[in-house]
Amino acid sequence: MSNFLKRRDRLRKVIRHERAEALLVTNPVNVTYLTGFTGGDSYLLVTQATDLLLSDPRYEEQIGEESPGLATFIRQPGELLSEVTVRELNKLELKSLAVEGDHLTVNTFDGWQRELNVESLLKGSGWVEGLRAIKDKVELAAIRRAIDVAERVFTSVRAQLSARQSERDVANEIERLTRAMGGAACAFKPIVAVGPRSALPHATPGECLMGSSPFVLIDWGAIVDGYRSDLTRVLLTSRIPPKFAKVYETVLAAQTAAIEALKPGVMVSQVDQIARDVIARAGMGPRFNHGLGHGIGLDIHEAPRMSKKLDQPLVAGMVVTVEPGIYYTGWGGVRIEDDVLITADGYELLSSLPRSLSENTAPLLLG
Ligand code: ZN
Ligand code: ZN
């Protein structure tokens, strides 16, 4: 049985459990997860008995290649996807249909409520995302490759880091090397932030030079076979600045404590708290101003969100980032981020770049 059919069968259980007859999947990433089809403008209907992909002529050949055997309805040129959806679904005489409330627009939902012949139109939330949180073997292998590419890119960038390179130069180099080393693209626009700019969690790479500050924060990842990696390292590029070692060691201790607490059954809020406590004990509690991490997969941010507000237990097969940080406006920030698999009895650290401060010093080439 294909992996995709297995995933759809798992979804059928969720649909039954939620007391719906069928789910119309409109989020394109969810469609990809359930079918392998990577194009857009297509909806997937999953009922207890059948699956039907509603698509258009541009994709006919691609669907045949990526999703062999999948029942497909190809609309005529000029027909709107939402109209065809109403027409084809009305033929099935479903009593209850669920749609993806996190994705569908209010306008489409209102239109369908008028036009669809179903007794109840339900708003589902997180049904497919919940399945996606737990990775199967194929997905895990792709994530491992995405991490491997990202790590090789970083090692190469680091070895060539020069004082005259700007943040933008380094970001461009990361993008170029990611493709050269086997990635489809970067998992997101790389963040390269020197000194004070590293205090901005989403700094856009600019003209600041590597040589203008004693450290640089790099947050990057790769996509391989649709799956993403997400890593962050801070490189010390010259003499150690005041309070840097204390900040770095505190972030590393918080990250290590959180990683070591990962295992099935532990609440994500507990793990977040463990990291937060380490930073608070060092007197820098308020400086850790974001969540601990997030799931990675087909999306860069997906379930489970690692947040102090979420009482969600970890489950074997989840892949999450652990990325505490400490930030001082005007001085800079330190964040260390790794990707971790939850295993049956604990965790496996998937990323392998060294994390200690002594192993993250990178004297700049004069260039
Ligand atoms: Zn990141
Ligand atoms: Zn991240």
Side-chain angles (χ1 to χ4, degrees), residues 29 129 132-133 135 139 142-144 146-155 157-158 167 170-171 173-175 177-178 183-194 197-205 215-224 226-235 248 251-252 254-256 258-259 262 268 271-272 275-276 279 288-310 312 314 318-327 332-342 347 349-355 360:
V29 182
E129 288 81 355
R132 280 171 51 192
K135 270 67 189 177
E139 297 183 284
I143 292 174
R144 285 181 196 276
I147 292 170
D148 177 61
V149 169
E151 296 198 322
R152 284 188 287 122
V153 167
F154 181 81
T155 304
V157 164
R158 177 189 164 153
E167 293 169 339
V170 174
E173 188 61 1
I174 289 172
E175 298 201 24
L177 284 170
T178 299
C186 286
F188 51 91
K189 280 244 156 262
I191 295 168
V192 180
V194 295
R197 292 174 45 74
S198 57
L200 310 164
H202 291 103
T204 314
F215 60 96
V216 55
L217 180 150
I218 302 179
D219 186 346
W220 81 108
I223 305 178
V224 174
Y227 284 81
R228 290 161 204 259
S229 54
D230 185 7
L231 301 163
T232 305
R233 286 294 182 270
V234 174
L235 290 173
Y248 193 98
V251 172
L252 182 56
Q255 195 212 24
T256 304
I259 290 174
L262 296 171
V268 293
V271 184
D272 181 281
R276 229 160 272 285
I279 294 173
F288 176 22
N289 55 12
H290 55 72
L292 181 65
H294 50 89
I296 52 171
L298 290 169
D299 279 322
I300 188 62
H301 296 122
E302 56 179 59
R305 205 153 52 84
M306 301 275 279
S307 150
K308 63 178 165 186
K309 294 185 206 101
L310 228 59
Q312 186 183 356
L314 292 169
M318 286 178 169
V319 177
V320 295
T321 71
V322 179
E323 51 176 308
I326 294 174
Y327 310 91
V334 171
R335 177 169 68 253
I336 307 172
E337 178 177 24
D338 284 274
D339 302 337
V340 191
L341 167 69
I342 310 301
Y347 68 92
L349 188 56
L350 297 177
S351 40
S352 62
L353 290 172
R355 295 184 292 140
N360 280 282

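Everything quoted here is computed from the prediction, not taken from an experiment. Just so you know, ligand 1 is whichever comes first in the structure, and atom 1 is the first atom listed for that ligand.
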- Within the stated cut-off of 2.8 Å, is an N/O/S atom of Glu337 closer than that to the Zn ion (ligand 1)? yes
- Task: Quick one: closest heavy-atom pair of Thr178 and Val149, and the distance?
- Result: O-CG1, 3.9 Å
- Ring-face cation of Arg228 near Phe188 (centre distance under 6.0 Å, axis angle within 45°): no
- Item | Proximal heteroatom of Glu323 relative to the Zn ion (ligand 2) (N/O/S) | OE2
- Message: Under 2.8 Å from the Zn ion (ligand 2), can any N, O or S atom of His301 be found?
- Response: no
- Using the ring of each side chain (for Trp, its six-membered ring), is Trp220 parallel, tilted or perpendicular to Phe154, with breaks at 30° and 60°? parallel
- Task: Give, rounded to 10 degrees, the angle between OD2 (Asp219) and OD1 (Asp230) as seen from the Zn ion (ligand 1).
- Result: 150°
- Query: Does Lys135 reach the side chain of Ile342, with side-chain heavy atoms less than 4.5 Å apart?
  - Reply: no
